[in-house]
Structures are given as C-alpha cells and as structure tokens.
Amino acid sequence: MSSKRTLASFVLGMAILFSLGTFASAEADLQAAKREGKVVWYVALTTDFNQQVCDLFNKKGFGVQCVFHRDGAGPLYRRYLQEAKSNINVADVFTFSNLGYFLQLKQGGYLLPYRPRGTERFNPFFTTEDGSWMIPLATAQVPAYNTKLVKPSELPTSWTDFLRPEWKDRLVLPNPSFSGVAAEVMIVMVKKFGWDYFEKLAKQNPRIVPSASGTLTFVERGESHMVVYAPLASVFDHAQRGEPLKMFVPKEGVLVNGIPSAIPKNAPHPNAAKLFVDFLFSREVQQLIVDSGYHVGHPEVKYPPGLPPFEDLKPIFVSPEDAEKETPSMKEGFRKFFGV
Amino acid sequence: MPRVVAVLRRFEATTAVWVFVAFVLFVLILNPLYHLVLESFQLTRGQGVEWTLRNYIKAFTEPLYRGPVLWTFIVSAAVGPLSLMVGAAVAWCVGRTDMPLPGFIRTSVLLSFVTPPFLGAIAWIFLAGPREGWLNIIYRGITGAAGHEYLFNIFTMPGVVFTMALFTFPQVFIVVLAALNNIPSDVEDAASIAGGNSLSTMVNITLPLVLPALMAGLLLAVLEAMTLLGIPAVLAIPARQHLMTTQIRAIMDEGIDAVGLAAAYSFPILVAAALLVWMQRAALGRRGYATVGGKGGHRRPQKLGVWRYPVFAMCMVPVTCAIVLPYFALIATSFMKNLGHGLTWSNMTLENYRSIFQSRAIASSMVNTLLLATMAATGATLLASVIAYISQRQLVHGHRHLGLLATLPLGIPGIVLGVGLFAAYTKAPFVLYGTLWILFLAYVTKFLPLAYQASNAALMSIHPELEESGRILGANRLTVFKDVTVPLFKVGLLASWLLVFMPSLRELSTSALIWTIDTKVISVVILNLYDEARLADIAALGVILMIVTLAVVVCVFRMMGRDFMRA
Amino acid sequence: MRVPDDGPGFHEGLKGSRLATVDLVGLTKVFGGKVRVVDRLDLHIEHGELVSILGPSGCGKTTTLRLVAGFLQPDEGEVRVDGKLISSSSFSVSPDKRNMSMIFQSYGLWPHKTVYQNVAYGLKFRDVTRAEADRKVRAMLEVVRMEGLADRYPAELSGGQQQRVALARALVVEPSILLLDEPLSNLDANLREEMRFEIRRLHDKFKITSIYVTHDQAEAMVTSDRTVVMNMGKVEQIGTPREIYERPRTRFVAEFVGKTNSFRGVLRGRDQLEVAPGIFLRTAGDNEFREGQCVLASVRPHNVELYSEGRGPSATTGHNVWSGRVTRAHYFGDSVDYLVELPNWPQPIRAILPPNVWFRTGDPVRLVIDPAKCVLLLDLPED
C-alpha cells in the first residue's frame, strides 16, 4: 500500500517536473491548437461513447471544438483514402480497429507519428516504438451466451467444446468479410487449431451474421443461444443495459485486439489533433473508456465490476503484419466452409 | 450570310431550354459514371496510379465471385414478376374497383415504400426467425409443435425474395395506378358493351393500355432487387449466400484498390440494366399509347358485387406483410427495455423514444433528410418530366439516347454509385463534398430513373394533338407545356415526385459513402445504430420516421393531389 | 354554289381577317432517310378556297398538312403564304406564328378546360381585350350552336358537340388558313354526314382558305371546291369533285374515288378497246391515245345497266350490249350491288342498280354500257 503511494507520488513529481520543462512549448502548442479551433475525429466506437468523450473535451476549455464522424472501421478507412486521393483534408484523428489498416496507412506514408504524453508508462501492447499509432483502447473477442437459455453446467471450458454435438444449431458467428475483428480471431484460431476447427464448426450449422456486435441481438432474442466470439465491450455494454447476456473466457485465452489511434499527415488541425490524442490517453478518459467495458494501457485505471482485468483474459495478440497478410485467406477459408 | 440568318431564325428560343436540360442530364449522369469507369481501370501504386485491366480480369475470373452473380439474377428474376403481379393487382383494385377503403390500402402501400428495406428485414427477423420469430411462436402455440420446429424461416433465399418483393411492389403500384387513372372508363365500357366481362375487359383492354406502366414497374422492381443492399445483408448472409451487392460491400472493405474492383464487378448489373431498358423499348416499340385523347374521359369503378370484401381481403395480404406485421414488430420493439426479455409489461419503456428526441444529431439528420428528399424529388421530377417530354416529342437530336441516359443509374448499385459521385464531386469544377448538394445530386441521379419512368408512362398517355392544338393557336412550346401538358400530367408528376421523395428518405447505400458530419441523414443514423446493435432505438426511430413521412405525404396529397387521392 | 350567309352579329368581327393564298412548291418530306412520304408536291390554293386532299392512309396527305402547319419541316421545296416563304429545308416559321388553325382527328380538346376555356385559349395570344374576347367566344359558340354548353367539360359532350367546339376554337382566332385533319373520322355515320354540311356551311360563312385532309371521298366531294388525290406521296389528279369523279386521269383515281370497273386492253380505232381476243368495248374515246396503245377503260358500276333477257336496248343503238349471268347480288336498301359474268371476259363486271328491278344469283341478264361512260385512262404498270 505504502509502496504504491510512494510510486504514485514519484510519478506525480516526475510528471510535474516534465510538464514544467515543457511548459513553454506546451503553451505554444495549446495556442496553435486554439487557432485551429477544431478537431475532427474519425471513430468507429459507439455514438454514445464518442459523444461523451467529445463533450468532456469541449468542457475542458481548450477553445477547441471536438466533432466526430462515426462509421464502421472499413468505411472510415475507405473514406479517408478516398478523401486523401482527392486532396480533401478532413480527418484529424483516427480511432478504429484493425491494425492491418494502420500498417497499410503507415506504409503508404499517410501517418504523422506522435507519442502522446504519459504513454511511456503504458503496457507496451498499447504503444508503438515510433508512435505511428498508439492504442487508447482494446477489447477482447469472447464467447457470450443467453443466461436464460444456457445452463451454467453446459458452459464450454475450451474453444474446442463448441464442436460438441449439444451446440449444433445453437451458435452464431460474425462474418469476416464484413467484420475485421472476426478475421483476426480466425487468425488466432487457425494458428492454434488449424483449419480443421472451422470445418467442424461449419458442421454445427451456426447462424452467420455480418457484424460482430450484430451477433449479440441474435443471442439476446434467443434466435441463437451462444455467440462464439463477440467484442467484450459490446457484451459488457449490453449486459449493463439488462440484457440476459454473459461472457466467459475459455482456458486457451482470447484474442485481444487493439483499437489504434493515429494522426494523419494531412490533418487540417494537427495541433488540435495532438491535444486531443493527449486527452484520449489522459487518465480521465482512459477511466471513461474502461467504464465502458474496454481495456486500456494506462496503469492507474480501475476496472468496473464485471469486467475482468486485462491479465485475466489470458490475452492472445495478432501482429499488424499478420492481420494485414492473413485477413484475405481468412475470408476465403470462411467462405469455403460457411458459404459467405 | 442569308443562310446564317436563316439558321438563326430557325433556332426557336425555347430550343435553348431543351438543349440546356439535355446538357444538365448529360453532366449529371456521365460525370460520376466517367469517374467510376476511370477507377475500374486503375490500381494505386504508391502515390500514383497504374492503368490496368486487372480489376476486370479479377472480377470475372475469381470463382468466388460467380455464385453471387448467378444468385442475384435468380433473385431479381423472382422478385420482378412477383412484385409486378402484386403491385399491378392491388393498383387495379384501388384505382378501378369499388373495393372498400381504397385510400387505406393506397396509403399503406406507399408507407411500405418509405420503410428502409433493411428495417423491414430486421422486422421480419422478429416475425419469422425460425426459433424466436413471433409467427413461429404462435404457430407452435397453436399446433403444439416442438421448440425447434417452425413454419417460416426468413433466413432462406425464398425469404429474401419475399422480403424484397414487399419493398419493390409499391413501385409497380405507383406507376400502374397513375397509368390506370389516365384511362377513361369509356374505353373499358366499349369492351363491356361488346360483350366482355370484367375479366376479359381487364385482360384485353385495360392491360394493354397500362402495358408501358407495367413494363416500367417490372423494370424498376427487377433493378431494385439487383441493387438492394440492406435486405441481402440482413437476410441473405444468414442464409449463407452472398448476392452481388453484399459481395461488393465485402470487396469494398478490402482497401483502396477495392473501389476499382467493385466498379468492375458491378459491370454485369449495369449491362443487365441497359439490356432491360432496351428490351422494354423494343417490346413497346412504336405502338401508339395515346389514350387521353381530346375526348377526355370519365372514370367509373368496376362493380365487384359480392366480391368486394374478398378482393379487399386479398389486397390486405401484401399490406399486412409489408406494413401491418413489420410495424407491429417495430412498434413493439421500440418500447422494449431489453430485447432479451421479450414482450412483457415489465420490459416496457419510453426510454428509446426519449433518447431519440433528446439527440440533437438525430434531429438535425431528420431535418437534413426531409430537406434533401423534398429538394431531390422536386429537382428530379422537373428534370425527368422535361427529359421525358424532349424524348417523346423528339425535340433535340439524339433524344432517344437521353431517355436511355436517364434510366442508366438504375443499373448502378448504390454503393458503387457513391464511389463515382465521391470521385466526381471532390474535384474541380464541382467540389461539393461536405455539402448537402452532393447528396442532392446523388439522390437526383439515383432516383431520376424512377421519376423518368413515371413521367414517361404518364406522358405517353397524353396525345400529342392536345399540344399541337395549342401550338397552332399561337402558344409556343413552353406555354403549351405549362398550360396543357403539365395540368394533364399532374397525376404523373405527383407519382414521379413521390417516387423520388419516398426512397430519398430511406436512401442508404449511396449516402453511406458521401455523408459528412454536417450532412448526416437519418438512414446513416439507423445504420450506425445497427452497427452498435441498438435494435430498440432503431425500431423507435423507424416508427418516428414513418409518422413524419406519413404526415408529409398526406400534406402533399392535400396540397396538389386531390385527383390522386380520389383515384 | 356558295351561299353567302350573314351570321348573327359575327360577320363584322371577321372583316379584318386576311384571306390568304397557299403555294406548295416541289414540297418533299423524307422519313427515315429514304421513304419519300411527300414527293415533289405542287399545289396552288386560292383565296377562300377549300381544297381537300384525298387518299388512302399512308399516302402522305396528313404529312402534307403538318408541313403546312409547321409541325414538320420539308426536306425539299417550299411552302408560301401570299407569296411569302414560311417553310423550306433551311427555314421554318414556328406553328404558333403562322396564324393558322387546325382541327385534329382526335379534336385535341383539352379535358381539363371547359368549352369556354377551350375556345378562348387562342385569343390569349392575340391582341384582343378581355371583353372583346368574351364577346367573340360567345358569338362563336352561338355560330356552332353550343352557346348553352359553355361551362361543360369536353368529357361531358357528345362526339358531334366536341367537334363543334373544336371548330369554334379553330375559327374564333380568325385564322388566315384553316387546316382540317380527318376531322370526322371519329364520328358515327349519321353524325358524319351532318357535320360535312356543317363544315361546308361554316366555310361558306367565313370563307377561310382551308385544306381538308380525308380518306373519305364523300367527305371530299361534299365539302371541297377542289380535290387533290394523292397516292404514295405524289399527286395523282387535281380537279373539282365532278372532274375527279367523272374524268379520272389514272386508274388509282378511278378506283379510289368511287367504285369502278377497269378493263385493260389495246385500243383499236379511235374508241374500240379490245379487252380479250375478239371482244371489244366501245368507249368514249380520247384524243390523247393512239391506236394500238395499251390503255384502261373505267366504267362506274352505276353506269352499268341490267335487263332481263330479251329486253332493253339492242346493240344496234351503238351501246355495248352483252348477255351474261348474275353471280352475286347484294341488297342495300337504296340499291342492289351485282356481279355479272360475261362469257370470254377476263373479269366479272360490277353493276349497281336501284332496287326496283331484282335479279337472283344465276339469272341470265342483258348487260348494257353507254360508251360515253367508258373513260379511257393511261395504263400505268401495276404498283
């Protein structure tokens, strides 16, 4: 306890020193951001959450207005590239999933590297060396079930339990053609169990749904009893709202995928963008993110009840390179076994 | 020199108007198409582009892409005749018989036209999902069948066809009803007097007269079925089958070059559209369809006698499937606290509505949507009616091509059209991205074919001699257009206006690519909510959307369409 | 034959109306790049003359009318009014500036306007005060006997009444030229007959230079001062209705205008036509034809007489007299239509007789034709 306090005061002291040293430049950056007046956030998180973050940012009195453009990850990525191609500069900050996209953006020279303040203390999974992108939040892809329709005794303990006969016709799966994270889960599963796993899973006749969180409505309404993998944050959110939905972690662990943030090189408000990214990685916002059911790299946040801490997830990661390289073959393999 | 003067004098002042309209159309349609074709021949290389045929080669050799093409043609070949039959039959009952409550049927059919198809598809999951669909629960309740048995399974290809037909038959209905309203009863009476019964009168006289409208309706339904994205995404994917639109959507997520590939891949739909339009023209040929002669005409309903109520009941079948059941599902869902706790009193809440009414973003999207739909409907109707006029009265060279051009956007899947529009209106001389104008142009472009088909069918039934008698009496072309054509054309114009207004309210696949923060529309809000799996909010928004639309449509009828209301 | 008829109070209104001459010079219209729908048509129409253009459908008569109206532009030739050019291949005064009126086959009445509004429409474009326009419309409705129905809509009128409204609408603007395009084809037989006289009455009253297009020879006969018979885009013959009927110049005219028997043969002497080896038809003769020339003879069925065997004039009177047998007899009430076969003749002869004599099929008859009624025509090769 006392050692923790000592650590905290040490960190605080360091932070004060650090901020004093950079005070002049920080003040200059703030002035520049104020002149830009606006930050446009391309984000694939939920509208409610984005609104909360923007409202909080606007209340800080930086004199910078936060507006967000919410869409799916794929559409946001495509839109940005099209805009860039037409020399239209709108986006200041990206926050959407699939590291593969960010790897492509980096390779295409579209990104402005920036390491937000304080992130040097983050869990390294949430940061990059060069700051091309940073990860303000991550979520796990977990199985979840309808608590009215699945008895606790039935619960699988391993991913391979889904192949048992009692799960025939009761499962639902997201389609990797539409859901980037679904493809990432598949990369992990194929590495662990081989394609054989999906061939057998297909024989269980699961329902196939385009979007990852769309699977949840099938489970809630009882059209399916269990989703094999869905974003933990969505499960948490829906359960919080009172849906009969519960997640669990199979013994092999679950994929945790980072949802990166980056600043594009052609951002029309680069200083405001940096200010906003700093804000995203601040303790206040990181706590807000955690309260919404995501996981973060900030060492000092408190996880809400019902949300297992990061380590308990037995997290498995997919490298950006793998995500980029393997995704097409995942879509193709899925198509082969499931038809879509 | 005298020759130049002669040429100048020959150049009627009003010709300038026709040439201008033709030019507008040309730019409107060809600009995005041009950019689309350009994209389809490009691959990105670093910061530059490479010219290549590889997109086409991949689109037509990749075996995975073949199934969706085949199934798209199968599905639309099924949806077309189905919605033609239903739409034409209901239109005839409403417009031509003394069936009870024609106004109710008409309004209901129109309502199903404004319902976003993917909202309808979601509603049908609630109704006919094999395990938890309410209709199946009722079925099991009545028959005592086991829990895994079901009567309906919406996640099948027939389910997809069924749901698509529910949302395409209103187009047939509107076009055919407008045409029926233009046929004077005396034409039908002539046949009855000659000894035909009601059925043979309908088959031999009425049917041929509304043939252009029927063909137009069929064309619209088939092409709509080919380019719909929402229903296949919601129903066909769970049915384990990609259609072309979902395949395109999947391709689009694959990176920057995906756009060119998607454009190349949508080529078969474009060809099919052009082919269908050409076939429609060939079939109609040069047959005269001038039915509104100077003799005018009364319209008297067919007496159905004892069949009045059975016919009404028949009309209620599609109305029940398209409106009553889905909106029951949506309204019920809109009051649910949790989807997982079903239809119980303790699970009821007004929270969903409260959150929608409190959202400023949704309010401004609603305003944007209504504004855009009104603008687009007016713009497209004006443009389409003038084009139909030019093309039928053969006012400029190449008038035949104008009609084809105006129909072309039908064959471009909305998502692909969005790409073309994006490319076309983010560059000089038309930098409209980020403004409502790009959405306005998108809707005008996308729905121009609907307006054109309606205007054309309506105009076809106005005899040219009605205009010529005005001309010879001293009125110039524009005056005649205003004094004679437009008033006679009013029902057709209203049909055309509604045919653009209503789908504009729900347009998604194109808007999804070109909306921006300040120009968000309601369909995009719904899509975002769907992404977030907020079905109860979607249901509430869908109900609100329906009420607002209903109010607008009723106002429009009151304002300009007494004729249409009376039918 | 024109009977000037001072209509009630209207005549003075038309005093300023300028009656025009019309000249069609080498007028040609080509459709689809090759079909010469109207082929080098020449026609002069006098002040106040009513000329009908008669021909089968597709002969180019309506096209000619539309060329005059300005709805079409000629590919060659000119249209002149009072000597002034109004249409040529490179120039065309638009229809609304020609001060013409037109009656259409479908009448072209606007169903959304009342009778009064229909008639008044054209006056909007003329320099007429509102009060004056009202007076003119009411006067014109009176002329066409429609004064009580001014507030009706066209759909509420009978066919004949609609036709009268169309006439009123065309005449009220005091056009210098009136064009009529098959105006009676939509009426039933009785009404058609009545309206023929009505049109002639109105023409005699207003004396507007008129062109009347029809495929019905009776209509052309009754209404017009002169008739132009057209076929395949070309003029076959121009003349008074009497000339056209009694002295057709071509086989087409003979056969199209009224019914006829035509015989092809070789001219022997001045007036003997050898229609079959050794069989001669005595004709009126024609100095235009020479002996040995192949020509046609046209005999109207009305000019063929039939008698019971052994009665009627004999061959010595100079008439053509043959014995034959009735092969067909149709009773029409006011006449009987016979077909008579003569031995060795190449074709049966048609005869139309009053119903006071009555032969049955198979009856032997004596057939008599007055040579003066056998008109010789140029034998053109079959079309």
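The sequence lines fix the lettering, A, B, ..., with proteins before strands; numbering per chain opens at 1.
Looking at R249(B), its side chain never comes within 3.5 Å of a backbone N or O of F178(A) through a donor-acceptor pair. Put simply, the side chain of K148(A) gets close to the backbone of G340(B): a donor and an acceptor are under 3.5 Å apart. No side-chain donor-acceptor contact under 3.5 Å links E220(A) to the backbone of L339(B). Of the possible polar contacts, none joining the H242(B) side chain to the G339(A) backbone as a donor-acceptor pair under 3.5 Å is found. The closest donor-acceptor contact from the side chain of R240(B) to the backbone of I208(A) lies at 3.5 Å or more, if one exists at all.
Within the 4.5 angstrom heavy-atom criterion, only side-chain atoms of F218(A), from C-beta onward, approach chain B. Using a 4.5 Å cut-off between heavy atoms, N98(A) makes no contact with chain B at all. Using a 4.5 Å cut-off between heavy atoms, D169(A) contacts chain B through both its backbone and its side chain. In this structure, no portion of P176(A) lies under 4.5 Å from any heavy atom of chain B. In this structure, the portion of N175(A) lying under 4.5 Å from any heavy atom of chain B is its side chain and not its backbone. With a 4.5 Å cut-off on non-hydrogen atoms, R241(A) touches chain B through its backbone and its side chain both. Of the atoms belonging to A239(B), not a single heavy atom falls under 4.5 Å from chain A. With a 4.5 angstrom heavy-atom cutoff, K331(A) touches chain B only via side-chain atoms. For T46(A), the parts sitting under 4.5 Å from any heavy atom of chain B are the backbone and the side chain alike. At a 4.5 Å heavy-atom cutoff, the contact between T246(B) and chain A is made by backbone and side-chain atoms alike. If you measure heavy-atom distances from Q51(A) to chain B, you find no contacts under 4.5 Å at all. Residue contact with chain B, scored on non-hydrogen atoms closer than 4.5 Å, is absent for V219(A).
For the pair I88(A) and Y433(B), the minimum side-chain heavy-atom distance is below 4.5 Å. Contact annotation: the side chain of P130(B) approaches that of R207(A) to within less than 4.5 Å [non-hydrogen atoms, C-beta and beyond].
The number of heavy atoms from other shown groups lying within 6.0 Å of NZ (K337(B)) is above 12. K168(A) NZ: more than 12 foreign heavy atoms inside a 6.0 Å radius.
Listed here is the closest heavy atom pair of V259(B) and Q82(A): CG2-NE2, 3.8 Å. Scanning all heavy atoms of the two residues, the minimum distance from I237(B) to V209(A) falls at CG2-C, 4.4 Å.
Residues of residues 526-533 of chain B placed with any heavy atom under 4.5 Å of a heavy atom in chain A are listed by number as N528(B), D531(B), E532(B), A533(B).
Between D48(A) and R534(B) a salt bridge is recorded (basic side-chain N to carboxylate O distance below 4.0 Å). Electrostatic pairing of E39(B) and K85(A) counts as a salt bridge here, judged by a charged N lying under 4.0 Å from a carboxylate O.
Taken from CZ in R221(A) to CH2 in W134(B), the straight-line distance is 7.0 Å, to the nearest 0.5 Å. To the nearest 0.5 angstrom, L513(B) atom CG is 7.0 Å from R79(A) atom CZ.
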Residues K520(B), H69(A); criterion side chain to side chain contact (heavy atoms under 4.5 Å, CB included); working and verdict
CA-CA 9 Å; K520(B) 207 170 184 180; H69(A) 182 120; over 6 Å; no
